[in-house]
Amino acid sequence: MAGASLGARFYRQIKRHPGIIPMIGFICLGMGSAALYLLRLALRSPDVCWDRKNNPEPWNRLSPNDQYKFLAVSTDYKKLKKDRPDF
């Protein structure tokens, strides 16, 4: 038992207690969803600036009908008009 690898011990526990398989599946699903959401935030959010030389303030280049929120419940972004000045 002292020389058993982590994978072998994990496999033995799964064989002994098959009820933990759904729990492991849900944990993996949750971790994968969180990782994908963080990746989406890093790539699509106007608050994140990856290129400071060419676009130092990316939030100023958003048009009013750009949807960058994940879920917009009651807002129709196609009908919005510009209500801020140009800089």
Side-chain angles (χ1 to χ4, degrees):
M1 183 90 146
S5 70
L6 184 63
R9 278 191 281 168
F10 182 70
Y11 180 70
R12 245 190 336 262
Q13 287 293 325
I14 294 265
K15 274 185 88 170
R16 225 181 277 161
H17 306 286
I20 64 174
I21 293 174
M23 183 179 67
I24 292 170
F26 283 117
I27 289 173
C28 290
L29 180 71
M31 288 173 54
S33 300
L36 287 175
Y37 183 67
L38 283 175
L39 184 67
R40 182 192 180 278
L41 280 178
L43 296 177
R44 305 260 312 158
S45 177
D47 299 329
V48 179
C49 181
W50 292 100
D51 187 13
R52 288 188 181 195
K53 242 181 218 179
N54 296 327
N55 193 7
E57 296 174 339
W59 50 89
N60 282 338
R61 294 201 180 166
L62 285 177
S63 69
N65 17 347
D66 285 341
Q67 180 181 355
Y68 59 90
K69 290 186 176 183
F70 188 68
L71 180 65
V73 177
S74 63
T75 306
D76 187 15
Y77 283 92
K78 295 182 191 236
K79 295 180 180 177
L80 290 178
K81 294 191 167 82
K82 188 174 183 177
D83 62 348
R84 55 186 177 247
D86 288 329
F87 289 107

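From a predicted model like this one, the values you see are computed outputs, not experimental measurements. Positions are given from 1, in the same order as the sequence printed here.
Judged as a side chain to side chain contact (heavy atoms under 4.5 Å, CB included), and not counting sequence neighbours, the contacts of I24 are F10, I14, I20, C28.
When hydrophobic residues (I, L, V, M, F, W, Y) are linked wherever their side-chain heavy atoms come within less than 4.5 Å, the members clustered with L43 are L39. Apart from L36 itself, the hydrophobic cluster it occupies contains nothing, where clustering links Ile, Leu, Val, Met, Phe, Trp and Tyr at side-chain heavy-atom distances under 4.5 Å.
Note on I21: it does not cluster hydrophobically with L29, by side-chain heavy-atom contacts below 4.5 Å among ILVMFWY residues.
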